[in-house]
Amino acid sequence: MQEQAKSEEKKIGMTETWLRKHRLIYDAATRHPFILSIRDATVQSHSFKTWLAQDYLFVRAFVPFVASVLIKACKESSDESDDVEIILGGMASLQDEISWFKREANKLDISLSEVLPQKPNQKYCGLLESLMSEDVEYSVAITAFWAIEAVYQESFAHCIEEGSKTPPQLKETCARWGNQDFGHYCQSIKNIVNRRLQMASDDELKKAELVFLSVLQLEVEFWNMSSGNV
Ligand SMILES: Cc1ncc(CN)c(N)n1
């Protein structure tokens with residue numbers, strides 16, 4: 001790679017470089033028709049229910065993945081960094097998130113114990129599973145973690161921005177991931193990613209970029225599934 005391009009990446013951070021380079025797929029993941037239908041209040045009740053039930057299963061699979069990232073951070077990050085505290089904070093909030101899914105499902109008469117993961121969900125959980133391996137570098141796993149959280153943060157923040165027409169009963173859902181605290185949390189993970197990628201080998205950088213793209217593609221497919229367009 002040209003030296004000038006490398007020094008530019010160092011200045012703005014690798015995540016920003018990728019967000020610019022892969023803008024189209026990032027926008028497809030964060031401005032998906034399912035999200036836009038929440039934002040303009042045209043979302044179908046069955047689509048929202050599908051999303052809720054499938055996402056509950058996803059979050060259950062996300063817990064051991066986050067635990068595996070936490071283990072990598074404990075082994076790899078320096079004592080001065082706050083990587084472990086940041087990831088631990090994310091893990092702790094997943095307990096509340098799971099309870100929230102159960103409450104919402106109850107309100108909508110969804111029996112979560114009877115829900116089976118659809119193909120796109122299985123595929124996404126398969127990626128999480130593969131990233132839990134000890135052979136996957138911390139830099140690669142934390143990149144996936146950031147991308148997964150960032151897509152939800154950007155998507156749902158869009159639904160509660162000024163000018164959005166999100167129905168009042170869905171505002172709480174959107175605020176779960178679209179709120180400012182969740183935004184700061186995503187920024188903290190992004191900072192970890194940029195720091196780790198600055199010291200990564202070219203091989204690790206390539207793998208991290210590919211995993212970033214896989215997450216975006218799988219998020220698009222997850223939204224497609226929710227809209228009923230598998
Ligand atoms: C599919 C998906 N992607 C991301 C998130 C945010 N943790 C989620 N709950 N579900």
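FYI, the numbering just counts along the sequence from 1. We count ligands from 1, going down the list as the structure has it; atoms in each ligand are counted the same way.
When heavy-atom distances to ligand 1 are checked against a 4.0 Å cut-off, V151 has no atom that comes that close, whether in backbone or side chain.
Side-chain contact, S47 with Q44: no donor N or O sits under 3.5 Å from an acceptor N or O.
Atoms of ligand 1 found under 4.0 Å from any heavy atom of V59, numbered from 1 in the order shown, are 9 (N). If you number the atoms of ligand 1 from 1 as listed, the ones under 4.0 Å from a heavy atom of I148 come out as 3 (N), 4 (C). Applying the 4.0 Å criterion to heavy atoms of F62 picks out, from ligand 1, the atoms 7 (N).
From the protein, the heavy atom lying nearest to atom 9 (N) of ligand 1 is D55 OD2, 3.0 Å. The protein non-hydrogen atom at the shortest distance from atom 8 (C) of ligand 1 is Y152 CE2, 3.2 Å. Scanning all protein heavy atoms for the shortest distance to atom 7 (N) of ligand 1 gives E149 OE1, 2.7 Å.
Between R196 and E204 there is no salt bridge, since no side-chain N of the basic residue sits under 4.0 Å from a carboxylate O of the acidic one.
Residue-to-ligand polar distances place E219 within reach of ligand 1: an N/O pair is separated by less than 3.5 Å.
Within a 6.0 Å sphere centred on NZ of K207, other residues, nucleotides and ligands contribute more than 12 heavy atoms.
Below 30°, between 30° and 60°, or above 60°: for W51 and W177 the angle between ring planes is above 60°, a perpendicular geometry.
Between the side chain of T42 and the backbone N or O of I38, no donor-acceptor pair lies under 3.5 Å.
The aromatic ring centres of F48 and W223 sit 6.0 Å or more apart.
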